[in-house]
Amino acid sequence: MGIQDTPEEWQVTATVTPFTGNKTSVRTDDVVMPDGTVARRDYQVHPGSVAVLALDEAGRVLVLRQYRHPVRHKLWEIPAGLLDVPGENPLHAAQRELYEEAHVKAEDWRVLTDVYTTPGGCDEAVRIFLARDLSEADGERFEVAEEEADMEQARVPLPALVRGVLAGELHNNCLVVGVLSLTAVLAGDGVDSLRPAEAPWPARPFEV
């Protein structure tokens, strides 16, 4: 592949963490620039996330509608959640989120794509999985709270979601990346060309 992102780390002469929250924090680094000057960079430190584009046998995507306070919107999204445990296997986390948020399980899992959501101001890395062969999860539903208690669920045909993205009606990062990536896959080399669910993820190394 001719174009590829590469890891690189410029020298940091000083670092402080002026804010530490429940799940994330803010860090300030003094970074040496190529000309030798030092520039201060503030960014959010994030544990990482997983998201699941769950596709049923009718070609519909499972989506959730949830209130997001920072942007003052109810957004249609795909199931997603934080990597709460350091070194947690992202596939296991994704399976947990699909169960907790939608009470659904899947038999076929692939890596759809890996993204940095906002690399200019946050180190969050997200792995988006494609999940197929869906069925109702076993046992009782997970008890939700806070914003998730108001969550709605729907199954929407993939082309309708693509139209919504391109019309500026759907804005959630993982939904946008997921539906456009899957559309490209289906128009190209097919689902079998995707990476296996346990593919390495250098941005967030994990235990197999």
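- Between the side chain of Arg41 and the backbone N or O of Val31 there is no donor-acceptor pair closer than 3.5 Å.
- Applying the side-chain contact (heavy atoms from CB on, under 4.5 Å) test between Leu82 and each of Glu88, His46, Glu97 identifies His46 as the sole match.
- Between Val63 and Trp76, the shortest heavy-atom contact is CG2-CE3, 3.6 Å.
- Checked options Leu91, Leu53, Ile78; the residue passing with Phe129 is Leu91 (criterion: side-chain contact (heavy atoms from CB on, under 4.5 Å)).
- Here the rule is side chain to side chain donor-acceptor pair (under 3.5 Å) with Ser49, and of Arg127, Arg204, Glu124 only Glu124 fits it.
- The two atoms that bring Leu170 and Val176 nearest to each other are O-CG2, 3.8 Å, heavy atoms only.
- Shown here for Leu112 and Ser181, the closest heavy-atom pair between the two residues is CG-CB, 4.0 Å.
- Of all the heavy atoms in Val26 and Pro18, the pair that sits closest is O-CD, 3.1 Å.
- No single ILVMFWY cluster, assembled from side-chain heavy atoms under 4.5 Å apart, contains both Leu62 and Val162.
- For the pair Asp42 and Arg40, the salt-bridge criterion is not met [side-chain N within less than 4.0 Å of a carboxylate O].
- Val156 and Leu134 sit in two unconnected hydrophobic clusters of ILVMFWY residues. Membership requires side-chain heavy atoms under 4.5 Å apart, directly or through other members.
- Under a hydrophobic-cluster definition in which Ile, Leu, Val, Met, Phe, Trp and Tyr are linked whenever side-chain heavy atoms come within less than 4.5 Å, directly or via other members, Tyr116 and Trp201 are assigned to different clusters.
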